[in-house]
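Worksheet for the structure shown next.
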Number of protein chains: 2
Amino acid sequence: MNPSGRRRTTIKDVAEAAAVGVATASRVLSGTGSASATTRERVLAAAARLDYRPSALGRNLRRQHTGGIGLLLPDITDAFYSRLADGVLACAQSAGEPVMIGITGDDPEREAELIGSLLEQSVERVIAVPCGDGEMWGPAFRAGLGVVFVERRAAGRDDVPTVLADDRSGVRVAVEYLIGLGHRRIAFLARHGQSQRVRAYREALASLGMQVDEELIARAHATRDSAYAAASGLFQHRPDLTAVLAGGNMLGEVAFLAARELDLRVPRDLSLIMFDDVPWAELCSPPLTVISQPPQDMGYRAAELVLRESRRPRTVTLPTELIIRGSCAPRR
Amino acid sequence: MNPSGRRRTTIKDVAEAAAVGVATASRVLSGTGSASATTRERVLAAAARLDYRPSALGRNLRRQHTGGIGLLLPDITDAFYSRLADGVLACAQSAGEPVMIGITGDDPEREAELIGSLLEQSVERVIAVPCGDGEMWGPAFRAGLGVVFVERRAAGRDDVPTVLADDRSGVRVAVEYLIGLGHRRIAFLARHGQSQRVRAYREALASLGMQVDEELIARAHATRDSAYAAASGLFQHRPDLTAVLAGGNMLGEVAFLAARELDLRVPRDLSLIMFDDVPWAELCSPPLTVISQPPQDMGYRAAELVLRESRRPRTVTLPTELIIRGSCAPRR
DNA sequence: CTGAAAGCGCTAACAT
DNA sequence: ATGTTAGCGCTTTCAG
């Protein structure tokens, strides 16, 4: 008896109704093995009549694997991650795989809990934007979980298949563009954990023969408040900066807001480029110049990767593109 | 042997290691029943040492229920729904319940498939933004699923617990505001299925003694393209309108875009109010006047409702609020 | 307080 | 081609 008071229709019921053994019923229902046309007919008819639905629980327990896929994201509210999720779901759903979603809030502890929960559910594939170092992933690998990282890597886990955007190129192109416009004091507004992008920023500057001013790198936690504080602090502390690169759409948003609050006109007083091409980028004024990444593609590819279960580590890098709109101007 | 080649640690292993029976192990591990202090100690120690994780599969199969919750959304990419999801996840995660997410794309057929998949997984609670009529939900109710609807109802399923925003009040306040500014030709840009809001619009107009001009109601499908076409068509077809109410953030976005494309200045030529207070609403210029709904709250409440499993249908309505910014002006 | 055993729904040997 | 049976990991009577 389930909560509704009605027992679930089982394969046994179907077998009985079709007057065959459970094994036979199982065979025709799961498409495995052979059965005579008439038997097949009878079983299918009985199943349809009884509105039979195979229980994934029973099957998974027997087969010792689930086939579901877990998805661990820092923040579903962020336009980039929600589109990433959309890509994953598109692929997973077309493959008929259920996906369990967990929000880490970029907190390694929560991440560890969620991994534990996934393990408990016998999920056997995970797509994750990892936070913290690779530590938390020990149990997952020990349990034989198939994992694919997206958007970033976890420290000490370079062997894990990963889908990345080409940050380095994106940052480099943006920096070159800004320098071409005459800017010399270009700040970078980053979230903690965006070491890849910060490194690319340093490299780009260095390769163009410029000094890296560490004070121009501001770091924020994953919350909007923290980001706003970082942006505002940066602008007030270094009024000499003339351009800023925001490491994500949320960071770009608060940078724009903070600039307005401090009466810095974009792009007259401040040139702004942000990561992620979100729909509102061309709605605000000036329309924002952005480094676009293909979030749905990234999600889709990650899902393909984790589904394919290709044993050897593979990492795929998707291109970024600088979309020039109106938020950058020559230095005055 | 699982794919990784290593067998999962089972309760049997723990029992053996602790030199007790499986029943005893189960009792202390699941907190049920009693055991002597020493036994308890031994079992816990063994479990820790072996890094034991109970299998949800085994437990659920035995107990005949899963405790997971399914979440069916039209589009995770939409800021409103992603925040709704965030609310659901916040509640579910703090209750330790896994959530399976499915994207319907507002397509009844897909919705039906997803319901089927959820049933197969033995999920027993579902939170959904229903699309199409209540038809698709037959199997779910027959199977004894606990379902809660959010944001809208399904036709013919008025008995299902539902979490709604107070559309009627939101629309009425907005319409009154617009009329107070002198507007008389106020259009409504709606998605198919937003009958509730359209009705509220009609009622508001009528209660203020105004005629309802059906031509001023434009309807779009769930895609951005369809929405843009509807908005653009509306503006071109009825250049005499002076204000427009958009039934969602995506509709507001395309309305803004279409207006710009047609050289209609907001708010000089066209006053605009949209549903949903999204972060970019105050970034664009002019900042957008919006009817805000509390998406995370709605999600959280829905999760509470479905978790509580209160048998009697309850529907909760959350308040909306008109946030006046700069996208409306007196009629000229 | 503890253990043996049944059985949840299903599939895969194995037998017929 | 089909039926019988064991058993996946777990909880829960039922005895002791």
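Naming convention: chains lettered A, B, ... in sequence-line order (proteins, then strands); numbering from 1 in each chain.
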Show the atom names and distances, to 0.1 Å, of all donor-acceptor pairs under 3.5 Å that link a side chain in residues 148-157 of chain B to residues at least two apart or in another chain.
| unit_1 | atom_1 | unit_2 | atom_2 | d |
| --- | --- | --- | --- | --- |
| B:Glu151 | OE1 | B:Tyr81 | OH | 2.9 |
| B:Arg152 | NE | B:Pro130 | O | 3.1 |
| B:Arg152 | NH1 | B:Tyr81 | OH | 3.3 |
| B:Arg152 | NH2 | B:Asp106 | OD1 | 2.4 |
| B:Arg152 | NH2 | B:Pro130 | O | 3.3 |
| B:Arg157 | NE | B:Gly134 | O | 3.2 |
| B:Arg157 | NH2 | B:Gly134 | O | 3.3 |

Verdict with supporting geometry, B:Thr317 and B:Val163, side-chain contact (heavy atoms from CB on, under 4.5 Å) = CA-CA 6 Å; B:Thr317 302; B:Val163 177; over 6 Å; no
Take B:Val20 and B:Val28 through the test side-chain contact (heavy atoms from CB on, under 4.5 Å) and record every step on the way to the result.
-> CA-CA 11 Å; B:Val20 299; B:Val28 346; over 6 Å; no
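To the nearest angstrom, C1' of C:dG9 lies 10 Å from NZ of A:Lys12. Summarising the geometry, the separation between CG on A:Asn60 and P on D:dC10 is reported as 15 Å, rounded to the nearest angstrom. For the pair A:Leu50 CG and C:dG9 P, the computed distance is 14 Å after rounding to whole Å. The separation between B:Arg62 atom CZ and D:dT11 atom P is 9 Å, rounded to whole Å. Going from atom CG of A:Leu29 over to atom P of C:dG9 covers 15 Å, rounded to whole Å. The distance between atom CG of A:Asp13 and atom P of C:dC8, rounded to the nearest whole Å, is 11 Å. Remark: C1' of D:dT11 and CD1 of B:Ile11 are 8 Å apart, rounded to the nearest angstrom. Rounded to whole Å, the distance from CZ on A:Arg42 to C1' on D:dG3 is 13 Å.
Each of B:Arg63 and A:Gly58 lies near DNA chain D, and the nucleotide nearest A:Gly58 is the one positioned closer to the 5' end.
Axis angle between the ends of the helix from C:dC1-D:dG16 to C:dT16-D:dA1, five pairs each and rounded to 10 degrees, works out to 50°.
In this structure, NE2 in A:His221 is found 5.0 Å from NE2 in A:His192, a value given to the nearest 0.5 Å. In this structure, CE on B:Met100 lies 7.0 Å from CG on B:Leu118, to the nearest 0.5 angstrom. Between the CG atom in B:Leu305 and the CD1 atom in B:Ile127 there is a gap of 8.5 Å [rounded to 0.5 Å].
An OP1 or OP2 oxygen of D:dG9 is reached within less than 4.0 angstrom by no side-chain nitrogen or oxygen of B:Arg59. Remark: A:Gln64 is in phosphate contact with D:dG9, judged by side-chain N or O atoms under 4.0 Å from OP1 or OP2. When the side-chain nitrogen and oxygen atoms of A:Thr10 are compared with OP1 and OP2 of C:dG9, none of them lie within a distance under 4.0 Å. Checking the phosphate oxygens (OP1, OP2) of D:dT11, a side-chain nitrogen or oxygen of B:Ser26 falls inside 4.0 Å.
Applying the salt bridge (charged side-chain N to carboxylate O under 4.0 Å, His left out) rule to pairs touching residues 10-27 of chain B yields B:Arg7-B:Asp13, sequence neighbours excluded. For residues 294-303 of chain A, the pairs satisfying salt bridge (charged side-chain N to carboxylate O under 4.0 Å, His left out) are A:Arg301-A:Glu304, with sequence neighbours left out. Among pairs with a residue in residues 55-72 of chain B, those fulfilling salt bridge (charged side-chain N to carboxylate O under 4.0 Å, His left out) read A:Glu120-B:Arg59, at least two apart in sequence or across chains.
Counting any heavy atom pair closer than 4.0 Å across all strands shown, B:Leu57 reaches no nucleic acid atom.
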Pairs: protein N or O with nucleotides 2-4 of chain C N or O, under 3.5 Å:
| unit_1 | atom_1 | unit_2 | atom_2 | d |
| --- | --- | --- | --- | --- |
| C:dT2 | OP1 | B:Ser36 | OG | 3.0 |
| C:dT2 | OP1 | B:Thr39 | OG1 | 2.4 |
| C:dT2 | OP2 | B:Ser36 | N | 2.6 |
| C:dT2 | OP2 | B:Thr39 | OG1 | 3.4 |
| C:dG3 | OP2 | B:Gly21 | N | 2.8 |
| C:dG3 | OP2 | B:Thr24 | OG1 | 2.6 |
| C:dG3 | N7 | B:Arg27 | NH2 | 2.7 |
| C:dG3 | O6 | B:Arg27 | NH1 | 2.9 |

